Enquirer: 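Submitted below is the structure of interest, expressed as structure tokens.
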Amino acid sequence: MFDSAVRIGFLHAAALSPEQHAAREWCEAVAPVVERVSLPEVASGSVDLDRYDALWWHRDAVLESPEIGAAAPEIYEYVERGGGLLLSLRALRAVSELGVDPIAPDATGVEEADVPTGYLLKSIYADRGVFEEFDGLRVATCEPGQEAPYARYERVLPERGEPLGGGIHGEEDRFHQLPLVSWRVGEGSVLGAGSALAFDGPADGEPATDRSRLVGSLLATLARGEHLGTPRPRSGEGLTAMRERLDGDPQRPSYHLTPPANWLNDPNGLIEWNDRYHVFYQYNPGGPMHGTIHWGHAVSDDLVHWEDEPVALSPSPDGPDRDGCWSGCAIDDDGTPTLLYTGGRGRSQLPCRATTTDPGLRTWEKDPNNPIIPEPPADLEVIASEHWEAEFRDHCVWREDGRWQQLIGAGIDGEGGAVLRYTGDDLSDWEYAGPLLIGDWEGAGGMWECPELLDLGETQLLHVSNYEDVIYFLGGVEDGRFRVETRALLDHGDLYAPQSLFGDDRYLLWGWIPEARDERAQWEAGWSGTLSVPRELSAENGELRQRPAPELEALRRSHARHVDLDVADGRREFDVRGRSLELRATLRSDAEEAGIGVFESPDGVERTSIRLTDGELIVGREDSSLAESVVSPRRMPIDDLARPIELRAFLDGSTLELFVNERRCLSTRVYPTRPDSDGLSVYARDGRALFEEFELWELGSAWDADP
């Protein structure tokens, strides 16, 4: 574990507590040299910290800032020169006083559990030397019944540190409790292990053994001058390195927009700027779970090949967005790129603004007067929830007749979901102008998120997300209210919270396709969420059209084409196999059921079916995965669509997107587990199906720098 000459400095503020005595005695038993170092000695300059390969401050008592005092600069400079520092239990709170991170852990206390507790390692780091000796991601380090102080991040994240793991409580995973964190400071490193480390107690159980292995490995790593994690703030190259560590996951999409690691949800701030396409998205750098939302950023020259950019927006510790930078949009304010987004703090969520002069849109300056709208409309009963005192968020902004227009999603108590309209002469001074539309019919939903109004020429399109579906309306705005002529679903599957970009005289829309597997599976994968492929929107003869963006054809590699494929009461397999494919089929059928099998294993144990009857398209997921997963089918009506059926399908890892007659879409997720679940077939049952044309292409990666 330790090299023979390693010297550890055991930091303390005053007389050692029983817990500190036990930790020091353990350290003396495993490390070659351990010496006590008091903070007053450090402050006075009477101790040479450079004689130590690593410092360890283990503290169970409440941390008092004056105890650190003048020792802080000495410790910081020691680390900056290349030293290592381990902060465990409540000593982790010292990161702000030491100058390591302006954001200290927000949760501290003492817990005594009747089950083993410990650490939940992030999969992206589980194969690093310090963790690779553990069998799995869950490491119990504290025996039941032991009293253990803690300091950890829960509602906030460190600004400069990289979370390495969450917590476990018996069999329960606590994804949002982040006590294991790494920092790079100059040439050195700081590691925090803020929970489940009680040395003053039983030493012969399995948790005590793993506690010793974990702390010993952390100290040995620091003593060797090694770094853990990827430093924050991260460069685009650092994010790409994280992405590459997850490349081997066959369930991870390759040509869809995904996070480099961790969590992704709503697309935000879509804009074309300086001849480049920018897609921002809701991102949690803390792990593959929702919470502590930042804005991730990806950029493309061609809508097909993408590059990771540094995080664009992060919560400000003292700002109205302390608890999250939620969804919003990007606009061009007379040559100044501007973001309008929802800031969350406590139980308040309010509109905020940020601008940039950076041509690459990498760095943003928040308006010091945020929030730019101080409260929801006073004359409306905007609904509240357990999280928010008023459900009032998400922004769509454009300029019309010399004034700015803004839509905000909300819900009105006793009425339903609502789109609220604001107007203003500039982007910081807004006046409430009334509701654009209220969902006062059964099934509309009580809260509407992510509203967007688009002008498609012959009609206007308004869409909202109501927690379950994306509802769209065709019609027009008259006297400040939206007149609905058509109401339907934008997608009949799992797509949510879409947003559009206007460029080249067309609208391109992306949506979030969330995971359909549980939180544990997402944590073990190390990533969560994907965006849809870009869709081109238009209106023709009063109907909404959705087509895959033609630029996607640049991803096509190998090609196979079949003409007049006749299948009667049977099944036909294809030689072509793959998990990243585009299919195009033209189908006439008098069969009771006809369709396509995708993600098939040779023995059919794993298989996803795209089934077409006279009235419905059904994605059958009952046999999609051997793992515990969702099995409910996804359905879409097609009885009113013209024949033959024109079907385009995009298969990518665990993502399936279907376009039928350019009229209807269905997006969903499936999780085949076997490496040979990559087969394709067509079939017909009780009748005959004629595939007038069947084409398929293998598609390349969106993240290939040299396509």
Side-chain angles (χ1 to χ4, degrees), residues 269-271 327-333 338 340 342 351 372-373 376-377 379-380 382 391-412 415-427 429-441 443-466 469-490 497-503 505-509 511 535-546:
L270 310 183
I271 190 170
S327 290
C329 62
I331 51 211
D332 178 358
D333 181 12
T338 302
L340 270 292
T342 300
I372 55 173
I373 297 176
D379 59 346
L380 282 184
V382 177
E391 298 276 355
F392 180 72
R393 60 179 171 272
D394 309 335
H395 312 276
C396 172
V397 178
W398 72 98
R399 194 165 180 82
E400 183 179 313
D401 297 330
R403 285 178 63 81
W404 288 104
Q405 310 288 321
Q406 178 176 188
L407 303 182
I408 298 178
I412 300 177
E415 296 190 58
V419 177
L420 307 183
R421 187 170 66 93
Y422 284 76
T423 64
D425 292 324
D426 56 48
L427 293 174
D429 187 13
W430 295 94
E431 178 184 354
Y432 177 56
L436 182 73
L437 185 64
I438 298 174
D440 55 2
W441 61 88
M447 165 64 193
W448 283 353
E449 302 184 284
C450 305
E452 188 174 60
L453 180 66
L454 309 177
D455 187 351
L456 300 182
E458 67 179 62
T459 187
Q460 288 182 294
L461 166 72
L462 173 68
H463 67 76
V464 298
S465 299
N466 70 355
D469 300 306
V470 181
I471 308 170
Y472 78 82
F473 313 93
L474 297 180
V477 178
E478 295 178 358
D479 299 324
R481 300 296 293 263
F482 192 87
R483 171 183 46 80
V484 177
E485 297 175 354
T486 301
R487 183 177 80 212
L489 295 183
L490 190 76
Q499 192 175 111
S500 303
L501 176 154
F502 184 76
D505 296 322
R506 61 176 177 167
Y507 284 103
L508 293 171
L509 176 141
R535 302 179 181 181
E536 201 174 86
L537 302 182
S538 63
E540 295 178 12
N541 301 319
E543 295 179 344
L544 178 66
R545 298 285 178 174
Q546 301 186 67

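The structure presented is a predicted model; accordingly, all values stated were derived computationally and were not measured.
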Enquirer: Please name the residue in the list E431, Q406, E400, R403 that meets the side-chain hydrogen bond (donor to acceptor under 3.5 Å, both in side chains) test with T423.
Expert: R403
Enquirer: Relative to the ring of F502, is the ring of Y507 parallel (under 30°), tilted (30 to 60°) or perpendicular (over 60°)?
Expert: tilted
Enquirer: Run the side chain to side chain contact (heavy atoms under 4.5 Å, CB included) check on W448 and I438 step by step: do they pass?
Expert: CA-CA 9 Å; W448 283 353; I438 298 174; 5.9 Å; no
Enquirer: Does some side-chain heavy atom of L407 sit less than 4.5 Å from a side-chain heavy atom of W398?
Expert: yes
Enquirer: Let me confirm one number: the NE2-CD1 distance from H395 to I373, rounded to the nearest 0.5 Å.
Expert: 7.5 Å
Enquirer: Are any non-hydrogen side-chain atoms of L380 and L420 less than 4.5 angstrom apart?
Expert: yes
Enquirer: If I take atom CD1 from residue I271 and atom OG1 from residue T338, how far apart are they, to the nearest 0.5 angstrom?
Expert: 8.5 Å
Enquirer: Could you work out, with side chain to side chain donor-acceptor pair (under 3.5 Å) as the rule, every residue matching R481, not counting sequence neighbours?
Expert: none
Enquirer: Is the closest side-chain heavy-atom distance between Y432 and P376 below 4.5 Å?
Expert: no
Enquirer: Hey, are the side chains of T459 and T486 touching, using non-hydrogen atoms and a 4.5 Å cut-off?
Expert: no
Enquirer: Within the 4.5 Å heavy-atom criterion, are I372 and L427 side-chain neighbours or not?
Expert: no
Enquirer: Using only atom types and a distance under 3.5 Å, with no angle test, would you say the side chain of Q460 pairs donor to acceptor with the backbone of R483?
Expert: no
Enquirer: Quick one: does V477's side chain get under 4.5 Å of R421's, heavy atoms only?
Expert: no
Enquirer: Measure the CD1-CG distance between I408 and D394 for me, rounded to the nearest 0.5 Å.
Expert: 9.0 Å
Enquirer: Answer yes or no: is there a donor N or O on one side and an acceptor on the other, between the side chain of N466 and the main chain of A444, under 3.5 Å?
Expert: yes
